[in-house]
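Here is how names work: the chains are called A, B, and so on, in the same order as the sequence lines, proteins then strands, and each is numbered from 1.
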Amino acid sequence: MPKLQRRDYYDTARDMNWAFSYVSEDEVFPEELSKSFGIHGEQWWGWDEPYKLTYREYVHNQAGKDDGIYSIRSTIARSNLYDNLDAGWKSAIKAHYGAIPVPEYFASIGEARMARFGRAAAWRNMAAFGTLDECRHGQAQIYFPYCLLGKDPQFDWAHKAMHTNEWGVIAARSLFDDMFTANDAVSTAIQLTFTFETGFTNLQFLGMASDALHVGDIEFGALISSIQTDEASHSQQGEPTLKIMINNGRKAEAQKMVDQMFWRSWKLFALLTGISMDYYTPLESRTMSFKEFMQDWICRQFMDQFKDLGMNVPWYWEEHFLPELDWVHHAYHMGVWFWRPTVWWNPDAGVSAAERDWLEQKYPGWNDRFGKKWDVIGDNVRTGQIEKTYPATLPIVCNCCHIPICSPSIGKAPRITTHNGRKLNFCCEVCEWVWKSQPERYDTHLSIVDRFLAGHIQPPTLEGALQYMGITPDVAGNDAQAYAWNGASRLAAE
Amino acid sequence: MALFPLQANFRGDFVVMLVPVDDGDSMSIVADKVAQHAVGLRVAEKSAAKCVYYDGRELPSAMTVAQSGIAPMDWIEVAYAE
């Protein structure tokens, strides 16, 4: 029998849409799982994406990718490459491994929801591949750090982190549950695949892959580059979904979903990637500052794509987002370093004399905003008063992003509001807007400070908090460079 | 006398913190309790009096928390007197 060419059967195999007669549309696509936004049945059938794959092709491609990265892993395992990596870079990949692999499985749940409840067959087909992609990402990113466990118990947190109540994990889980795990199919396409993956994942994976190769971490660079090739395809589910919403008069709803999740993603991204790029990556290996990456990938490329689709720049862009590019991750970094026993990696202060010069050059005013505080910290280290570089209380965290409420240099009041008798704190107007846009969705979620005040953390001390967060002495973070940055700073001053 | 949680920051610092005080504490004690989490840790020490600001006004140093109208988990700022 002659073999059909791919083009002769592909659309038939992919586009098996049909109108239901024995069951209602609502029974097949319940609103809570497949929210229609009022767009009915066949309006969704025009959904189309550019990556046209068959299952056979998909399996062939993925097997090749896995062969590639696992053979690099087994080759490098016989070398001392990891031992020679910079201590700050090791912290960057530990932070990544704790925050990312298990949420890849969360993303697999989101993809599986679209594979069943996406409202077009072509979309369900694409999402089935996306489900498999995310399983591959979860498995590879847990296996690779597992292989490093013998060198450092902090790598155990690649698997453990998401199952704890560590404060950064609470922030990450709140975001990922909102976006991936507990989202309807249409919103997942717009918020996860378009907003998060097209915007932020590109930055996280391409930026860190580039830095990894510069520092000589071939294994990590190969791993996340391989993952990024999947993201490039399945992230395309967002754009056709967005087009259908716009074409059917639902631009306002789509815009709101993007605006909400862009902001939520930004806050976590600044925490995770911002500090990794500008403080943990060795100075000589930095290709760009975090702000420059953001300006290139987000402010230019992502926003151009966004505007080309007929969408507007988020309402908070000029007043809130652009100003935060200058300071927010620097404040987060100082907080993570000062509260370093509460994280599963060793924060690299990254403020030697040369690093401070670089920070001031990339972020004019850094010395005035943050350098002066590092001076005080450095003095305490230099005079042996290490106890003064550790926290004795908790920071207040935002009830939306769940990250400590910071300010650039002068005192800024948190936005305190009351909802149904419950006092809430927000770090900024945008987080308050996101929370209040869906209070029924967020109201029962307690921040780490809410839990402390409610008596969930016992004894109510830092030690009790560490126990609550699952942090054990063998993984509790400490200064990555054993305070060598301070010696360098002192010599420069002398 | 009862434990009284506040949100507080010291002017010049970068983060808002949970600071437990007592409702019988005067504002000068409150200022010291906030300062101990920031001054000499991230904010340089100065030889100057410290003031408590609440709801846009400076509170008298002898006023107690109970007299001040501050509610649990309200936000205060502590700063060196200019």
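Using a 4.5 Å cut-off between heavy atoms, A:Thr393 contacts chain B through both its backbone and its side chain. When heavy atoms are compared at a cutoff of 4.5 Å, B:Glu45 approaches chain A solely by way of its side chain, counted from C-beta outward. Proximity to chain B (any heavy atom under 4.5 Å) is shown, for A:Ile377, by both the backbone and the side chain. Heavy atoms closer than 4.5 Å to chain B are found nowhere in A:Asp379, neither backbone nor side chain. With a 4.5 angstrom heavy-atom cutoff, A:Lys423 touches chain B only via side-chain atoms.
Under a 4.0 Å N-O distance rule, the pair B:Asp13/A:Lys373 does not qualify as a salt bridge. Between A:Asp450 and A:Arg422, at least one side-chain nitrogen of the basic residue sits less than 4.0 Å from a carboxylate oxygen of the acidic one, meeting the salt-bridge criterion.
Residue A:Cys406 comes nearest to A:Trp327 through the heavy atom pair O-CH2, 3.6 Å, listed as atom of the first residue, atom of the second, then distance.
Ranked by heavy-atom pairs shorter than 4.5 Å toward chain A, the options B:Leu41, B:Ile76, B:Val15 are led by B:Leu41. Most heavy-atom pairs under 4.5 Å with chain A, from the set B:Ala79, B:Pro5, B:Gly40, B:Ala71: that is B:Gly40. Looking only at heavy-atom pairs under 4.5 Å with chain A, the residue among B:Met17, B:Gln36, B:Met73, B:Arg42 that has the most is B:Arg42.
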Does the ring pair (Phe, Tyr, Trp, His ring centres under 6.0 Å) test come out yes or no for A:Trp358 and A:Trp366, once each step is laid out? CA-CA 10 Å; A:Trp358 183 88; A:Trp366 181 91; 9.9 Å; no
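Of the N and O atoms on the side chains of A:His330 and A:Tyr279, at least one donor lies less than 3.5 Å from an acceptor on the other residue. Judged by distance alone, the side chains of A:Glu166 and A:Thr164 never bring a donor and an acceptor atom under 3.5 Å apart.
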